[in-house]
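Atoms within each ligand, like the ligands themselves, are counted from 1 in listed order. Every value quoted in this text rests on a predicted model; they were computed, and no experiment measured them.
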Amino acid sequence: MPKILVTNIGFGKASPTAINRLGDVAELQLNDRGLRHEESAMAELIHDATILIAGTEKISKKVLDKAPNLKMIARVGVGVDNIDLNVAQTKKINISYTPDAPSQAIPEFTLSLILALIKGIPFVDRMMHQKIWQRPMGRMLSSLSIGIVGAGRIGSKLIHLINTVSPQTKIFFYDPFVSTHDKAQKLDLGTLFKECDIISLHLPYTDDTRNLIDRGLLFSMKENSYLINTARGGLVDEQALYELLHSKQIAGAALDVFEQEPYTGPLCDLDNCLLTSHIGSLTQEIRAIMEEQVVEDVVRFINQKPLLNPLPGFNFCEI
Ligand SMILES: NC(=O)c1ccc[n+]([C@@H]2O[C@H](COP(=O)([O-])OP(=O)(O)OC[C@H]3O[C@@H](n4cnc5c(N)ncnc54)[C@H](O)[C@@H]3O)[C@@H](O)[C@H]2O)c1
């Protein structure tokens with residue numbers, strides 16, 4: 001029986017039937033710590049695994065070099081920046097992922113962050129819990145412009161969602177690989193940062209996009225504008241963002257992702273920064289879909305059938 005190491009936290013809770021399917025065809029080792037494994041723990045745990053079901057744990061060369069039997073990584077989610085893809089390619093490790101499910105959850109989550117920010121809801125909530133009655137003035141989404149960086153699955157759905165909820169909102173996008181969008185106008189990145197009231201990031205984290213949103217872009221943002229990041233922490237110069245928010249040169253930011261997670265850094269001290277703990281796609285419904293898709297591809301892999309969601313370029317299909 002193949003050995004499956006499951007490092008993704010809570011895997012199987014949203015869809016118990018899915019995990020039962022796996023128990024029938026493989027030997028399972030679950031992550032029962034409720035915490036993300038560090039790289040050193042991954043390197044120890046992975047030794048006997050044939051298949052790894054992973055979340056955002058670091059799957060580095062150091063980890064992969066300790067996994068002589070590993071044939072497949074099934075990523076519960078869409079971002080694969082935590083995997084050393086060059087090493088996985090050399091070792092011919094098959095990778096599956098769940099690209100479509102998060103794109104249903106993240107647009108809704110991002111819109112809720114945008115609305116919470118422009119209405120001042122987190123601030124007023126904090127005041128009310130201290131029994132302080134304050135009534136700050138909010139903004140209407142219809143009067144603001146939005147710039148989406150990365151118009152792929154998530155960015156494009158967010159554009160449509162905003163357009164449906166607030167047809168008067170002017171929507172712009174920047175994406176070097178997408179030339180047009182039916183509901184948004186393309187701008188270059190510099191202009192988008194200078195001119196939009198709300199900027200929301202939906203691009204992948206790669207060697208090319210690391211710190212793409214640098215000090216220069218951040219400090220070019222309009223007074224009273226907002227930055228939303230539900231993509232990856234490493235896309236943004238976090239220190240520069242802290243300085244920008246601390247000096248109140250923009251109105252606020254909402255961050256679901258951080259360079260180091262779990263995050264406990266200085267942004268936690270700022271009233272104008274809405275913080276969430278990488279929960280963008282974490283809903284009961286979407287988790288269940290992702291778990292079922294992962295299990296389906298793992299079972300297919302074990303039965304030598306074609307994967308439904310292989311990561312492009314990582315479908316070697318041998319066990
Ligand atoms: N917070 C969460 O829980 C969560 C959940 C799912 C996905 N994500 C993040 O969202 C990202 C986007 O997901 P997706 O499914 O829309 O991916 P996608 O591949 O469908 O879309 C990404 C888009 O970004 C564009 N892009 C690439 N380089 C760019 C650049 N330099 N500037 C601007 N755009 C660029 C691509 O052309 C593509 O259109 C993922 O890579 C992941 O990091 C976060």
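Ion pairing between a basic and an acidic side chain is recognised when a charged N comes within 4.0 Å of a carboxylate O; Lys91 and Asp65 show such pairing. Between Glu296 and Arg21, at least one side-chain N (NZ, or NE/NH1/NH2) sits under 4.0 Å from a carboxylate O, which counts as a salt bridge. Contact check on Asp207 versus Arg210 returns a salt bridge, with a Lys/Arg side-chain nitrogen under 4.0 Å from an Asp/Glu carboxylate oxygen.
Between Ser145 and the options Asp197, Thr169, Ile171, a side chain to side chain contact (heavy atoms under 4.5 Å, CB included) holds for only Asp197. With Val87 as reference, Leu64 is the one residue of Ile93, Leu64, Ile59 to meet the side chain to side chain contact (heavy atoms under 4.5 Å, CB included) rule.
No donor-acceptor pair closer than 3.5 Å links the side chain of Lys66 to the backbone N or O of Glu44. Side chain of Ser200 to main chain of Ile148: no donor-acceptor pair is present (N/O by atom type, distance under 3.5 Å, no hydrogens or angles). No donor-acceptor distance shorter than 3.5 angstrom exists from the side chain of Asn20 to the backbone of Gly23, with no hydrogens or angles considered. Using a distance-only test at 3.5 Å, with no hydrogens or angles considered, no donor-acceptor pair links the side chain of Asn86 to the main chain of Thr90. Side-chain atoms of Gln168 never come within 3.5 Å of backbone atoms of Ser166 as a donor-acceptor pair (strictly under, hydrogens ignored).
Inclusion of Gly79 in the set of residues having an N or O under 3.5 Å from an N or O of ligand 1 is not warranted. At least one N/O-N/O distance between Arg153 and ligand 1 falls below 3.5 Å. Residue contacts with ligand 1: Asp81 is placed with no nitrogen or oxygen under 3.5 Å of a nitrogen or oxygen of the ligand (distance criterion only).
For ligand 1, the atoms sitting less than 4.0 Å from at least one non-hydrogen atom of Phe177 are 27 (C), 28 (N), 37 (O), numbered in the order shown with element in parentheses. For ligand 1 and Pro102, the ligand atoms under 4.0 Å from any heavy atom of the residue are 6 (C).
Remark: minimum distance from atom 21 (O) of ligand 1 to any protein heavy atom is reached at Gly152 CA, 3.2 Å. Of all protein heavy atoms, the one closest to atom 3 (O) of ligand 1 is His278 CD2, 3.2 Å. The protein heavy atom nearest to atom 31 (N) of ligand 1 is Thr209 CG2, 3.6 Å. At the shortest separation from atom 13 (O) of ligand 1 among protein heavy atoms lies Ile154 CD1, 3.4 Å. Of the protein's non-hydrogen atoms, the one nearest atom 37 (O) of ligand 1 is Asp175 OD1, 2.8 Å. In terms of protein heavy-atom proximity, atom 29 (C) of ligand 1 is closest to Pro176 CD, 3.7 Å. Nearest protein heavy-atom contact of atom 44 (C) of ligand 1 is Thr230 O, 3.1 Å.
With distances taken over non-hydrogen atoms, the option nearest atom 22 (C) of ligand 1 out of His202, Met290, Arg232 is His202. When the options Thr110, Ile279, Val78 are ranked by their closest heavy atom to atom 6 (C) of ligand 1, first place goes to Val78.
Here Ala151 has backbone heavy atoms under 4.0 Å from ligand 1, and that is the only part of it that gets that close. Counting heavy atoms under 4.0 Å from ligand 1, residue Pro204 touches it through both backbone and side chain. Heavy atoms of Leu203 found under 4.0 angstrom from ligand 1 belong to the backbone as well as the side chain. Under 4.0 angstrom from ligand 1, the non-hydrogen atoms of Ile106 all belong to its side chain. Using a 4.0 Å cut-off between heavy atoms, Tyr205 makes no contact with ligand 1 at all.
Under a cut-off of 6.0 angstrom, the local environment of NZ in Lys186 is crowded, with over 12 non-hydrogen atoms contributed by other residues, nucleotides or ligands. In this structure, Arg135 places its CZ atom where only 12 or fewer heavy-atom neighbours from other residues, nucleotides or ligands lie under 6.0 Å away.
Ligand 1 lies less than 4.0 angstrom from a heavy atom belonging to Ala231. Under the 4.0 angstrom criterion for non-hydrogen atoms, Gly77 is not in contact with ligand 1.
Heavy-atom minimum distance, Ile106 versus Gly280: CD1-C, 3.4 Å.
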